[in-house]
Amino acid sequence: MSLTRARISVTPVVDGVVATVAAALLAGAFAGAVRPLLAIAVAAGLVGGVTGVRLVRLALRIHAAQHSFGPCRGAGFLGVGVLVGAVSVVHLTRVPQSLVPVVSAVGLGVTVVAYVLGVLLLPGAATTTGVRLRRASDGLSIGVSLAFAGWLMPPPGGMPPAALAGFLFAVGGLSIVTVTALRAAHYRRAALLCGAGTGVSVLGLALLTMLLAYGAPDRTLVAASVGLVIGPLLIMAGARRADVVDEPDPVDEPQTRLSSYPLLTVPAMLATVAALYHLITVGSFDHTSILLGLAVIPTVVIREIMSAADVRRYARRLAEQSAHFRSLVSGANDVTMVVDDDLVVRWQSPAAARIFGLSDADVVGRPFPALMHPDDAPEVTALLTAVLAEREASGRPPLVNARLRDGYGMWRDTESTVGDQRAIPEVGALVVHVRDVGERRHLERTLHQLAFTDQLTGLPNRRELMRTIVSQRELSGHTGALLVIDLHGMTEVNEVRGREIGDAVLIEVGRRLRVTVGRDDLPARLSGDEFSVVTVEGPMLAYALGTRLLTALTEPYHLPGMIVHINVSIGLAELTGGDTVDDVLRRADLARRRARQLGRDRIEWYDSYLEEQLLHRMDLERELPGALERGEFDVVYQPVLALPERQPVGVEALLRWRNPTLGTVLPTELMPVAEDLGIAGEIDRWVLATACRQLTSWSAAGRDLWLAVNVSPRELVSSDFVARVKAVLAEHEIPLERLVVEVAEAQVAFDVPAVVTQLGALRAIGVRTALDDFGAGQASLAQLRRLPVDLLKIDGTVVAASANWQPGDPPGHSRPLIDVVVSLGKRLGLEIIAEGLESNAQVSQAEAAGCHLGQGFALAHPAPAERVEAFLEDHRAPS
């Protein structure tokens, strides 16, 4: 066990032994076995000496630990007081009887002073000099008043001067100690123990002094001296409980000092009651009474002066705080308003005039909702009423967003915080802090515009479109549709005429969208040349809207110095389709792609079959590149027969794509994809070379046939097409007139002037030309007359439409369409070929109409070159 722990364990034992010995001595003195005064002196000296030394050592340890005299002064003075009291009691046994009152009074005075200083300097009792002076003043006032009352109560004049002095010291000291202990700010238990020990010790010593002065019996002395033993022990217990660290004393606050003002009335009332009682019972005052009465006045005056200083200091601090508050409120960016239970404004801060231009006459006395915009006033009233209905604050203060009319008649965006201060007596109302958020709202709108608006056209962007679709999908029982619009030709506009013209076209597109759509519809720009519209209408009205948009957007764009034409493809999808917003956009985009594949200026609805077609198209686009190098292309040939003789006169080369995954793909599917991928010309050149090679083989076998080859319009209008055709024919030694270049009627509109030029160039070198699928497209008679073609191939639909006509039909029936077409072709000097003949009836109908040439399944199926050779061998004309 360490030395420190040994000391701690021994301390209670020593205290117990000392207390036991002191109690035994006093008991022996009371029983007569020991001289009373000697027993008192020994017991008080033993307890006082040990306790005093302990307190002094405690003070030294505190000083050593804190390196400061402040925390240890209280314990030190208490130890000195205990030691002085013990010494005073011991000296009572060594002085003559005549000097006992004097010695007792001097010892009591010194002891009281030490005790008072010890309690005042005790940590947590009174931490500042001002507080200690007030405690001393209050206690001294009460003590003098008690001494004055005590002097007047018994018959005056009977107390010796020394006893009177001791009595005054005891009463004054006890009053100061009592006031200090009761009003301790911190460590109240320690202060109460020290105060109680001090009071017991002082009362014991004072009582012993008075009894000795009056010659009281010995047993009375022993009973009165018990406090000399108990008091130091209580002081020691309290000093050990006191913390060694001083903390800020709230008693030093002005409002706490002012709360002690009732103490000023206690001394005056005690002195007045005692004086009236003495005057009634005795009738006159002696000199000592007069002096004691006059002594009450200075203590009361001093306390009154100190209280007045406190009041002035408190008033000065309140004035400073009020000025500080006014400066804060006046310079704040918020306007503070006090609103009562009737929602009437009782007060507003001076900042209202600076921020909103509002005077007190404009606001005070008016209902707070009346200051707001009429559209916002009901919501403001409901929110304030809800706050008034809640007696206790719940969470964060509510926010009020409303428009406030300022002093200039303008509506300002404001945000108000409502605080319920009805529980505070000084306020007793709602406190509303109003701030101007106009700049913030303007910034929010600007940021929203930047984040959700296309900067070129001013339309909402993709992000805003997605938010709108989400909100529309959340509406119960409401469908709506999404239209995705694709502009064709914008790349050429930007490349040929410049970005500025392209931007002007896009801006005009945005304007036409806004004008065409409904009030509840949302037009948006998705990307460079892709727009969209979210409509709240159902499928039929949405399709009608798409038709109007198609008409509006395909009208010519009249720009300074030029006119721009663009084509449009529109895809539609219902908002309720799919699991997410991305699904809706994907479906509408698939419909838009289908519309683009089928041509220009079209509208397509999304359905599951459409998605299958698009997926098939994607497969084609994925597999087609490299198919020529992989050897997947093949050419089949369909003979063209002379109908009267049923003899082959020519063959048409038809392309087939044999893909391992997709199977056999016909040109109707293959060539549009090839054109979009830019490889149609390469395929056309391969077909021409392959077919010419096969024709050379047949010519060498003595078969006089001509060859028809289909050409895409892009390949036809290329600048070197005629030269390449001539070179291929020369390479395979084929006469120029045995090649027929076919162009489909539906593809002539691609570029009519260029097509006419190229067809004329082909005819000029001897190559024959043909217009394929006539009757299935929209070629006009004027275009037919302009086209330099030699053969006119009538589409199978024209022949099929005429198959039901019989020669014996009444005259009212119109002539078969094929007769009209054949007659027209002959008038233009064209050779007619009826293609797509599926039955013998159609063959007969074509032959009857005057068609000398025919082509179709009823005559011969398309087949590889080997099977065509067998067909030609079977139909060889007799020599």
Asks: Provide the full list of ring-ring contact (aromatic ring centres under 6.0 Å, His included) pairs with a residue in residues 493-532, sequence neighbours left out, each pair given once.
Replies: none

Asks: List in chain and number order the residues that pass side-chain hydrogen bond (donor to acceptor under 3.5 Å, both in side chains) with T535, two or more places apart in sequence or in another chain; answer none if no residue qualifies.
Replies: D521

Asks: Could I get the full list of side-chain hydrogen bond (donor to acceptor under 3.5 Å, both in side chains) partners for R587, not counting sequence neighbours?
Replies: none

Asks: Sequence neighbours excluded, which residues qualify as side-chain hydrogen bond (donor to acceptor under 3.5 Å, both in side chains) partners of R511?
Replies: E508

Asks: For residues 550-557, which side-chain donor-acceptor pairs fall under 3.5 Å, sequence neighbours excluded?
Replies:
{"residue": "T551", "atom": "OG1", "partner": "T547", "partner atom": "O", "Å": "3.1"}
{"residue": "T554", "atom": "OG1", "partner": "L550", "partner atom": "O", "Å": "2.6"}
{"residue": "T554", "atom": "OG1", "partner": "T551", "partner atom": "O", "Å": "3.4"}
{"residue": "Y557", "atom": "OH", "partner": "L553", "partner atom": "O", "Å": "2.7"}

Asks: With sequence neighbours left out, what residues match D436 under salt bridge (Lys or Arg N to Asp or Glu O under 4.0 Å)?
Replies: R412

Asks: Suppose we screen for side-chain hydrogen bond (donor to acceptor under 3.5 Å, both in side chains). Which residues come up paired with D503, at least two apart in sequence or across chains?
Replies: none

Asks: Test of understanding: with salt bridge (Lys or Arg N to Asp or Glu O under 4.0 Å), list the residues that count as partners of E530, not counting sequence neighbours.
Replies: none

Asks: Please tabulate, for side-chain N and O atoms in residues 717-725, each donor-acceptor pair with protein atoms closer than 3.5 Å (sequence neighbours left out).
Replies:
{"residue": "S718", "atom": "OG", "partner": "E715", "partner atom": "O", "Å": "2.6"}
{"residue": "S718", "atom": "OG", "partner": "R724", "partner atom": "NH2", "Å": "3.3"}
{"residue": "D720", "atom": "OD2", "partner": "R724", "partner atom": "NE", "Å": "3.2"}
{"residue": "R724", "atom": "NH1", "partner": "E715", "partner atom": "OE2", "Å": "2.7"}
{"residue": "R724", "atom": "NH2", "partner": "E715", "partner atom": "OE2", "Å": "2.5"}

Asks: Does any pair with a residue in residues 456-467 pass salt bridge (Lys or Arg N to Asp or Glu O under 4.0 Å), and if so which ones, sequence neighbours excluded?
Replies: E464-R467

Asks: According to ring pair (Phe, Tyr, Trp, His ring centres under 6.0 Å), who are the partners of W411, at least two apart in sequence or on a separate chain?
Replies: H373

Asks: Mind checking side chain to side chain contact (heavy atoms under 4.5 Å, CB included) for P625 and listing every partner two or more places apart, or none if nothing turns up?
Replies: L677

